[in-house]
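Fair warning: this is a prediction, and the values are worked out from it, not measured in the lab.
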Amino acid sequence: MSRVLRLAGLAGILLLAGCQAVNTTSGGAVGVERKQYMFTGLSSQQLNQMYAQSYQQTLSKAASAGKLDKNSALAQRVNGITRRLIAQTPVFRPDAAGWNWETNLIASDELNANVGPGGKIIVYSGLIEKLSLTDDELAAVLGHEISHALREHSREAMSKAYGAELVKQTAVALLGLGQAGGQLADAAVQYGMTLPNSRGNENEADLIGLELSARAGYNPNAALTLWDKMSRAANGAPPEFLSTHPSSTTRTARLREAIPRVMPLYEQARGQR
């Protein structure tokens, strides 16, 4: 056990050595204030450029297969909802107003949507059609995904991976561990550092997404029905301790607690429409 603790301490020291503390977003009404540690060798601009290339490859592949949907009523619906959400992003980080946002719908049975670094949005039609999502529910999932981009969770995850690799490479040399020690280092990094923070990132995206959708005039209560539908579609999730996502029960409880904080914003937005 003492070796695990020493590895955890080593992880913290090495991670901080190559990273800087930043606040990617303001706290908003939901109060997301956690400082993040980003690897200084990877800038937001570099990651945005890297992801933009991958994004274009995905779109090209979909277009070649005749799956890139630009003009349908569903595509227009997705674009309309994302525009309203994107208009609210400067509340959390003003520079997001200058991002090169893109929204694309791919015709696929996949239950998925993603907003990558720099505001590159992909929605798969299966998510909307199979779950029969309302506009409010679609806004909830898109607000959640946009929040990951605003908080730069991808860059944060890569920064953690950098620290994790340093731990694994240094553990054997400094602690005199053999092959078993390397496995111990892997376990310490995976369960003691990476996964809990990933669940924390999911919670942050839930909260910020809740506020984004409320400010855009979408009922925040839809987040509850959304995740209920997602949970039922999943046909059983892995134990929360081993998952990067909160359990359905935990997620619902946190959302219920936060909804009263954003309801006034929703009522205000509705009054202005």
Subject >> Side-chain donor-acceptor pair present, N104, K70, cut-off under 3.5 Å >> reply: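 Present: a donor and an acceptor within the cut-off.
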Original post:
Under 3.5 Å, is there a donor-acceptor pair linking the side chains of H148 and E202?
Top reply: yes
Is it true that [X] and [Y] fall in one hydrophobic cluster, defined by side-chain heavy atoms closer than 4.5 Å?
| X | Y | answer |
| --- | --- | --- |
| I259 | V141 | yes |
| L255 | Y266 | yes |
| V78 | Y55 | no |
| V30 | L226 | yes |
| L133 | L224 | yes |

Roughly how far apart are [X] [atom1] and [Y] [atom2], rounded to 0.5 Å?
| X | Y | atom1 | atom2 | answer |
| --- | --- | --- | --- | --- |
| L111 | K130 | CG | NZ | 5.5 Å |
| R270 | N219 | CZ | CG | 7.5 Å |
| I121 | L105 | CD1 | CG | 12.0 Å |
| S213 | I208 | OG | CD1 | 12.0 Å |
| R199 | N201 | CZ | CG | 11.0 Å |
| N221 | L210 | CG | CG | 8.5 Å |

Quick one: closest heavy-atom pair of [X] and [Y], and the distance?
| X | Y | result |
| --- | --- | --- |
| M263 | P220 | SD-CG, 3.3 Å |
| S159 | F39 | OG-N, 2.6 Å |
| A21 | Y37 | CB-CE2, 3.6 Å |
| M50 | L42 | SD-CD1, 4.4 Å |
| I122 | T58 | CD1-CG2, 3.7 Å |
| A258 | L207 | CB-CD2, 3.5 Å |

Please confirm whether the backbone N or O of [Y] pairs with a side-chain atom of [X], one donor and one acceptor, at under 3.5 Å?
| X | Y | value |
| --- | --- | --- |
| T89 | I86 | yes |
| Q76 | N71 | yes |
| N79 | A75 | yes |
| S231 | W227 | no |

Side-chain touch [X]/[Y], heavy atoms, less than 4.5 angstrom:
| X | Y | result |
| --- | --- | --- |
| I106 | L68 | yes |
| L150 | L212 | yes |
| R77 | I128 | yes |
| Y218 | I81 | yes |
| L74 | S125 | yes |
| Q45 | N48 | no |
| R93 | W99 | yes |
| V22 | E152 | no |

**OP:** Apply side chain to side chain contact (heavy atoms under 4.5 Å, CB included) to W101 and L85, showing your working.
**Re:** CA-CA 11 Å; W101 293 91; L85 292 168; over 6 Å; no
**OP:** For side chain to side chain contact (heavy atoms under 4.5 Å, CB included), just list the numbers for M38 and T24, CA-CA rounded to whole Å, side-chain angles, deciding distance to a tenth of an Å, and then say yes or no.
**Re:** CA-CA 10 Å; M38 302 294 191; T24 53; 3.9 Å; yes
Subject >> Heavy atoms of other groups near K229 NZ, more than 12 under 6.0 Å >> reply: yes
**OP:** Indicate yes or no: does R254 engage D206 in a salt bridge with an N to O separation below 4.0 Å.
**Re:**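 The answer is no: the pair does not qualify as a salt bridge.
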Original post:
Any salt bridge between K67 and E110, counting N to O under 4.0 Å?
Top reply: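 Answer for the salt bridge query: no.
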**OP:** Applying salt bridge (Lys or Arg N to Asp or Glu O under 4.0 Å) between E156 and each of R34, K35, R151, report the one that passes.
**Re:**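 Testing E156 for a salt bridge (Lys or Arg N to Asp or Glu O under 4.0 Å) against R34, K35, R151 leaves exactly one candidate, R34.
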Subject >> Stepwise side chain to side chain contact (heavy atoms under 4.5 Å, CB included) check, M230 with E137 >> reply: CA-CA 11 Å; M230 293 285 278; E137 290 168 340; over 6 Å; no
